[in-house]
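Predicted, not measured: the structure shown is a model, and the values here were computed from it. Excluded from the calculations below are hydrogen atoms, water molecules and symmetry mates; all remaining heavy atoms, backbone and side chain alike, are included. Below, chains carry the letters A, B, ... as their sequence lines are ordered, and counting in each starts from 1.
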There are 2 protein chains.
Amino acid sequence: MQNTPPEQTPPCHCHGGFIAEHDHGPCVNHALERAATLCRERGVRLTPQRLRVLELVWRSSRPLQAYALLEELRVQQPTTAAPIVYRALDFLIQQGLVHRIESQNSYAACRHPDAVHDGQFLLCTHCGRAVELESRPVSEQVRAAAEGVGFEVSQQTLEVHGLCPRCQGGPQHG
Amino acid sequence: MQNTPPEQTPPCHCHGGFIAEHDHGPCVNHALERAATLCRERGVRLTPQRLRVLELVWRSSRPLQAYALLEELRVQQPTTAAPIVYRALDFLIQQGLVHRIESQNSYAACRHPDAVHDGQFLLCTHCGRAVELESRPVSEQVRAAAEGVGFEVSQQTLEVHGLCPRCQGGPQHG
DNA sequence: CATCGACTGTTATATTGTAACATATAACTC
DNA sequence: GAGTTATATGTTACAATATAACAGTCGATG
Ligand SMILES: [Zn+2]
Ligand SMILES: [Zn+2]
Ligand SMILES: [Zn+2]
Ligand SMILES: [Zn+2]
């Protein structure tokens, strides 16, 4: 455990957990570089538009809705229209770089896009923050339960609503 | 195991499973009576409108969307407007008589409204049918996983997409 | 009957998401 | 590199989903 690591690629230590504030910039940069690498390896194009959307989703402390993203894109390019956002999101979701949160019509950056996995989110009803649970055992048990009734699983989504650690015990915070 | 039971309250034997076709009428009637009893016990009003929506949801072989419900209501009452449907659905969901399926903007009748439980659905991408999984162990494991990271769960939703038994092995059926 | 609260009827509007088609850019072939 | 194809973008219009707001109604309660 040294102090600040030197010039190595800065590891993302936020992992989307309900943790104290930190300088999120390096996490974002690291994530974007990782995404670029993944897309290059897969032979798909992480175009500037898609990269921009991914960056916005990563920078946000909580899931963003499509039209909120659109507004942000319009700051730099006021003519941008809805299909731009939805196309970029479609791509990013396909590539596993973003998850859609069904119960909120919102979109969150995937914290571990390297391995394919199911969408599992803990959603704080007070502060609006979301963290990926990403519990393999839960996925497995769901799959087992489904197969137990003869159902062939292709995809699963879990969305858990409640209070994050910071928002428990009293109506403070934001 | 007699033939057809006489005048006893006909038990619902469908339970929403991926089972062979059957005469669904008695299931619906039984469910509606049960719902009426539950609401009476709770001191809430299962008004004709709400009952009608519940019946439509129950009669359908797959989840219905709000505007599909609206169309059906309009058959008898052509002036009916969207808020009617959404209000009825709000009530029914609150009372645990209907579940909302987030990934489809659709609504399905709860097959076991007696005990409170989380929404867990197996959704066939081919025929569109849905069944409630209602696995207590899954709920418990999810809760445990969330609490493991300090998250206080108030509600969870699980939606599993894939192929039901009847739709596996070949692109037949509907 | 007067009042209160919950339910309904109605209009208008907000929010979320797509269809469709023209244009531009990249990738691929010869 | 010119021709060709596939993919991505720009743009308009619209569909689908959901809610706000307010006026009326109906039922219980004192
Ligand atoms: Zn993820
Ligand atoms: Zn919180
Ligand atoms: Zn249920
Ligand atoms: Zn099926």
### Query
Reckon B/Q49 has a side-chain N or O less than 4.0 Å from the OP1 or OP2 of C/dG9?
yes
### Task
Check each of A/L51, A/L92, A/L97 against A/C39 using the side chain to side chain contact (heavy atoms under 4.5 Å, CB included) test, and report the only one that passes.
A/L97
### Close side-chain approach of B/L89 to B/R100, heavy-atom, < 4.5 Å
no
### Task
Determine whether the side chains of A/E152 and A/S154 contain a donor N or O and an acceptor N or O closer than 3.5 Å.
no
### Message
Could you check whether any side-chain heavy atom of B/C164 comes within less than 4.5 Å of a side-chain heavy atom of A/F151, counting everything from C-beta outward?
### Response
yes
### Query
Salt-bridged, A/E71 to A/R74, with N to O below 4.0 Å?
no
### Task
Write down the distance between CG (B/L70) and P (D/dA15), rounded to a whole number of angstrom.
16 Å
### Query
Nearest-Å distance, CG (A/L46) to C1' (C/dT25)?
16 Å
### Query
Rounded to whole angstroms, how far apart are CD on A/E71 and P on C/dT16?
11 Å
### Positions of residues 77-91 of chain A (non-hydrogen atom under 4.0 Å from DNA chain D), listed by number
A/T79, A/A81, A/P83, A/I84, A/R87
### Query
Phosphate oxygens OP1/OP2 of C/dT15: is one of them under 4.0 Å from a side-chain N or O of A/Q65?
no
### Query
In whole Å, what is the span from the CG atom of A/L73 to the C1' atom of D/dT9?
13 Å
### Message
Set out, in order, the CA-CA distance, both residues' side-chain angles and the distance that settles side chain to side chain contact (heavy atoms under 4.5 Å, CB included) for A/V131 and A/R111, then state yes or no.
### Response
CA-CA 9 Å; A/V131 304; A/R111 306 291 168 157; over 6 Å; no
### Task
Work out which heavy atom in A/S139 is nearest to a heavy atom in A/D118; give both atom names and the distance.
OG-OD2, 2.8 Å
### Query
Hey, what bend do you get for the helix from C/dC1-D/dG30 to C/dC30-D/dG1 if you fit axes on five pairs at each end, rounded to 10°?
30°
#### Entry: Separation of D/dA18 P from B/L64 CG (nearest whole Å)
13 Å
#### Entry: Parallel, tilted or perpendicular: rings of A/Y67 and A/Y86 (30°, 60°)
perpendicular
### Query
When the distance from CZ of A/R50 to P of D/dG10 is rounded to whole Å, what number comes out?
12 Å
### Query
Taking only side-chain nitrogens and oxygens of A/N105, does any of them come within less than 4.0 Å of OP1 or OP2 of C/dT15?
no
### Query
Any side-chain heavy-atom pair from A/C127 and A/R166 closer than 4.5 angstrom?
no
### Query
Are A/L163 and A/I101 joined in one hydrophobic group, where the rule is that I, L, V, M, F, W and Y side chains link up if heavy atoms are under 4.5 Å apart?
no
### Query
Separation of B/L69 atom CG from D/dA16 atom C1', in whole Å?
15 Å
### Task
Would you please classify the geometry between the A/H112 ring and the A/H117 ring as parallel, tilted or perpendicular, with 30° and 60° separating the classes?
perpendicular
### Query
Does B/R100 place a side-chain N or O at less than 4.0 Å from the phosphate oxygens OP1/OP2 of D/dA18?
yes
Short heteroatom pairs, N/O only, protein and nucleotides 23-25 of chain D, under 3.5 Å:
none

### Task
Would you indicate, yes or no, if C/dG17 has its OP1 or OP2 atom less than 4.0 angstrom from a side-chain nitrogen or oxygen of A/Y107?
yes
### Query
Between B/R45 and B/Y67, who's closer to the 5' end of DNA chain D by nearest nucleotide?
B/Y67
### Query
Please walk me through it: do B/V153 and B/V142 pass side chain to side chain contact (heavy atoms under 4.5 Å, CB included)?
CA-CA 9 Å; B/V153 177; B/V142 168; 5.8 Å; no
#### Entry: Euclidean distance, atom CD of residue A/Q104 to atom C1' of C/dG17 [Å, nearest integer]
17 Å
